Participant: 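Before we start, here is the structure in question, set down as structure tokens.
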Amino acid sequence: MSMQKEGTIAALAAAALGEEDARRALEALAIAPALMAESGERVSRAAFAMAMNVVLFHDLLRRVPSGSAYVTDTLGRGGRVLFDHGALRTVRMPQGPTGALPAGEDAFTRIFLPLGYEMAAVYPLDRLRMTGRAYRHADAPEDIPQFFLSELHVDRFDPEFQEAAERVFGSSRDPLDGEALALLDAFAAGEAVSLGQATRVLPTIVAAFDRQHEAPDFEDYQLLLSRSNEAAWIATEGNAFNHATDRVPDVAALAERLKAEERPMKARLEVSATGRVRQTAFRADSVERVFADGEVRTVPGSFYEFISRDVDPETGRLDLAFDTGNATGIFAMTSAGR
């Protein structure tokens with residue numbers, strides 16, 4: 001049976017990944033039946049958003065062997081991953097646009113807002129000279145993964161850093177073409193789109209979650225690294241998923257098991273001020289990247305995270321919030337000295 005007959009999300013994932021990889025990705029994820037049930041020649045914003053997240057999750061596992069091994073083990077134990085959220089890092093330059101890209105988070109809000117996401121909260125990350133924002137899907141907030149979208153504020157650094165940032169990020173391309181923008185305009189207008197158009201455009205939208213600038217000069221990379229681990233990470237990894245997060249019932253118990261298995265665990269659990277949101281993660285896997293001089297060097301890549309969320313007694317619903325302290329602690333997983 002073709003994946004098109006299995007529903008819209010499966011058809012879109014297969015078009016972007018190929019049928020075998022799409023099947024593996026969908027088998028790994030616990031996706032709400034109502035989302036998976038959509039089918040036909042018209043595609044809703046919710047189905048497109050979920051399919052996009054399936055493809056991004058697959059790409060994260062491709063780049064993060066520790067996360068891939070954990071997911072394989074989870075499936076072997078009869079479980080599935082409940083994909084809670086993905087995280088992205090962007091750069092806001094003092095002059096506005098980053099090369100040909102819209103400034104900072106604007107490069108992604110032009111995608112998220114038409115697809116039904118709403119900004120849920122702002123999280124100042126002052127110690128990192130960044131701002132984080134949570135984007136939550138209006139149609140199915142507990143079922144479609146959120147995004148934690150952060151901006152690095154280049155204007156909060158010294159002039160030497162700003163000059164290096166301009167050299168590194170100033171070559172950024174805009175990956176969205178006219179057809180992708182037309183699809184987003186249709187969703188923004190409240191319209192469903194054709195399955196054919198969604199199939200053609202999904203790979204273009206996914207391409208936005210990558211590095212858009214040229215390979216950095218190593219001296220510029222070192223200068224950025226001397227001031228900001230996060231800036232250095234964006235220099236080599238760009239706007240790729242920084243991490244993907246598995247929502248689990250008891251993250252503390254899971255962390256102890258994974259430590260006992262000698263997985264590359266974060267030493268300490270992060271607990272929100274409310275106590276309802278608890279997070280930990282694997283340390284970032286190392287990756288090899290080519291720099292402008294042609295030399296290949298090993299740098300921190302992306303990582304895999306775990307979260308437990310309790311019900312908020314005031315609302316009776318799952319607490320989908322984030323926490324500034326938690327986020328700052330989790331961001332350290334990509335630090336060079338982690």
Side-chain angles (χ1 to χ4, degrees), residues 7-10 12-13 25-39 43-58 60 67 70-71 74-75 79-88 108-109 111-123 132-150 187 190 192 241-254 270-281 304-324 326-327 330:
T8 300
I9 291 172
L12 291 173
L26 290 167
E27 287 174 352
L29 294 169
I31 301 175
L35 290 170
M36 292 300 293
E38 181 175 319
S39 62
V43 178
S44 71
R45 66 185 189 177
F48 191 93
M50 190 67 232
M52 177 182 73
N53 277 287
V54 169
V55 177
L56 292 171
F57 183 81
H58 175 270
L60 186 282
Y70 164 80
V71 171
T74 297
L75 295 175
R80 283 188 168 189
V81 171
L82 184 53
F83 186 8
D84 183 87
H85 70 274
L88 301 170
F108 288 95
T109 55
I111 296 172
F112 296 159
L113 299 179
L115 293 186
Y117 282 91
E118 300 172 334
M119 190 179 74
V122 178
Y123 298 93
R133 296 177 178 88
Y135 283 86
R136 190 177 301 166
H137 205 279
D139 301 340
E142 294 187 15
D143 297 326
I144 297 176
Q146 295 188 77
F147 286 95
F148 191 88
L149 178 59
S150 60
F187 279 135
F241 251 19
N242 174 256
H243 62 266
T245 306
D246 190 356
R247 190 191 304 163
V248 300
D250 187 345
V251 72
L254 176 63
E270 300 291 339
V271 181
S272 68
T274 65
R276 292 191 296 267
V277 181
R278 299 169 300 283
Q279 295 167 261
T280 191
Y304 196 89
E305 185 193 19
F306 311 91
I307 194 168
S308 289
R309 297 185 181 276
D310 295 340
V311 170
D312 182 344
E314 292 187 6
T315 64
R317 302 187 66 84
L318 198 66
D319 188 342
L320 295 174
F322 294 92
D323 181 272
T324 293
N326 282 18
I330 292 293

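This structure is a prediction, so every number in the text was calculated from the model and none was measured.
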Participant: Quick test of your reading of the model: are D250 and R278 salt-bridged, counting only N-O distances below 4.0 Å?
Facilitator: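 Between R278 and D250 there is no salt bridge, as every charged N stays at least 4.0 Å from the carboxylate O atoms.
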Participant: With a 4.5 Å cut-off on side-chain heavy atoms, are F322 and I330 touching?
Facilitator: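 No; the side chains remain at least 4.5 Å from each other.
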Participant: Can you name the closest pair of heavy atoms from R80 and L29 and give their distance?
Facilitator: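 In terms of heavy atoms, the two residues are closest at NH1-O, 3.2 Å.
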Participant: Excluding sequence neighbours, so at least two apart, what forms side chain to side chain contact (heavy atoms under 4.5 Å, CB included) with A138?
Facilitator: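 If we apply the side chain to side chain contact (heavy atoms under 4.5 Å, CB included) test to A138, skipping adjacent residues, the hits are R45, E118.
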Participant: For the atom pair NE2 (H85) and CZ (F147), what is the distance rounded to the nearest 0.5 Å?
Facilitator: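 Result: 10.5 Å between the selected atoms.
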Participant: Would you call the rings of F83 and F57 parallel, tilted or perpendicular if under 30° counts as parallel and over 60° as perpendicular?
Facilitator: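 Because their plane-to-plane angle lies in the 30° to 60° range, the rings of F83 and F57 count as tilted.
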Participant: Would a 4.5 Å heavy-atom cut-off, applied to side chains only, mark E270 and D323 as touching?
Facilitator: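 E270 vs D323: side chains apart.
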Participant: Is any side-chain heavy atom of T109 closer than 4.5 Å to a side-chain heavy atom of Y117?
Facilitator: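 A side-chain contact is absent here, since even the closest heavy-atom pair is not under 4.5 Å.
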Participant: Just verifying a value: how many Å separate L60 CG and L56 CG, rounded to the nearest 0.5 Å?
Facilitator: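 Interatomic distance, L60 CG to L56 CG, rounded to 0.5 Å: 8.5 Å.
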Participant: Do Y135 and F108 come close enough that some side-chain heavy atom pair is under 4.5 Å?
Facilitator: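 Heavy-atom side-chain distance check fails, nothing below 4.5 Å.
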Participant: CG of L318 to CG of D143: how many Å apart, nearest 0.5 Å?
Facilitator: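 One finds 10.0 Å between CG of L318 and CG of D143.
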Participant: Can you name the nearest heavy-atom pair linking V54 to A25, along with the distance?
Facilitator: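 Minimum heavy-atom separation between V54 and A25: CG1-CB, 3.9 Å.
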Participant: Can you name the nearest heavy-atom pair linking L82 to A30, along with the distance?
Facilitator: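 For L82 and A30, the tightest heavy-atom pair comes out as CD1-O, 3.6 Å.
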Participant: Please name the pair of heavy atoms, one in R309 and one in L320, separated by the smallest distance, quoted to 0.1 Å.
Facilitator: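 R309 and L320 have their closest heavy atoms at NH1-C, 3.0 Å.
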Participant: Please evaluate residues D246 and V81 with respect to the criterion side chain to side chain contact (heavy atoms under 4.5 Å, CB included), reporting the C-alpha separation (whole Å), side-chain torsions for both, the decisive distance (0.1 Å), and the verdict.
Facilitator: CA-CA 6 Å; D246 190 356; V81 171; 3.6 Å; yes
Participant: Determine the minimum heavy-atom distance between V55 and A13, stating which atoms define it.
Facilitator: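 Looks like CG2-CA, 4.4 Å.
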Participant: In terms of relative ring orientation, are F187 and F48 parallel, tilted or perpendicular, with 30° and 60° separating the classes?
Facilitator: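 The arrangement is tilted - the two ring planes meet at 30° to 60°.
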Participant: When rounded to the nearest 0.5 angstrom, what is the spacing between OG1 in T245 and CD in Q146?
Facilitator: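 Reported value, rounded in 0.5 Å steps: 10.0 Å.
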Participant: Evaluate the side chain to side chain contact (heavy atoms under 4.5 Å, CB included) criterion for residues D312 and R276: first the C-alpha distance (whole Å), next the side-chain angles of each, then the deciding distance (0.1 Å), finally the verdict.
Facilitator: CA-CA 8 Å; D312 182 344; R276 292 191 296 267; 3.7 Å; yes
Participant: Would you mind reporting whether E38 and I9 have side-chain heavy atoms less than 4.5 Å apart?
Facilitator: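 Not in contact.
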Participant: Which distance, rounded to the nearest 0.5 Å, do you find between the CG of L254 and the OG1 of T280?
Facilitator: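 The CG atom of L254 sits 8.5 Å away from the OG1 atom of T280.
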Participant: Hey, is the main chain of V251 close enough, under 3.5 Å, to the side chain of S308 for a donor-acceptor pair?
Facilitator: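 Yes: the side chain of S308 pairs with the backbone of V251.
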Participant: Measuring only between side-chain heavy atoms, which start at C-beta, is R317 closer than 4.5 Å to E142?
Facilitator: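 When only atoms from C-beta onward are counted, E142 and R317 do touch, with a gap below 4.5 Å.
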Participant: Would you compute the distance between atom CZ of F306 and atom OH of Y70 and round it to the nearest 0.5 angstrom?
Facilitator: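 Reported to 0.5 Å precision, the distance equals 5.0 Å.
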Participant: Quick check: closest heavy atoms across Q279 and N326, and the distance to 0.1 Å?
Facilitator: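 Result for this residue pair: OE1-ND2, 2.8 Å.
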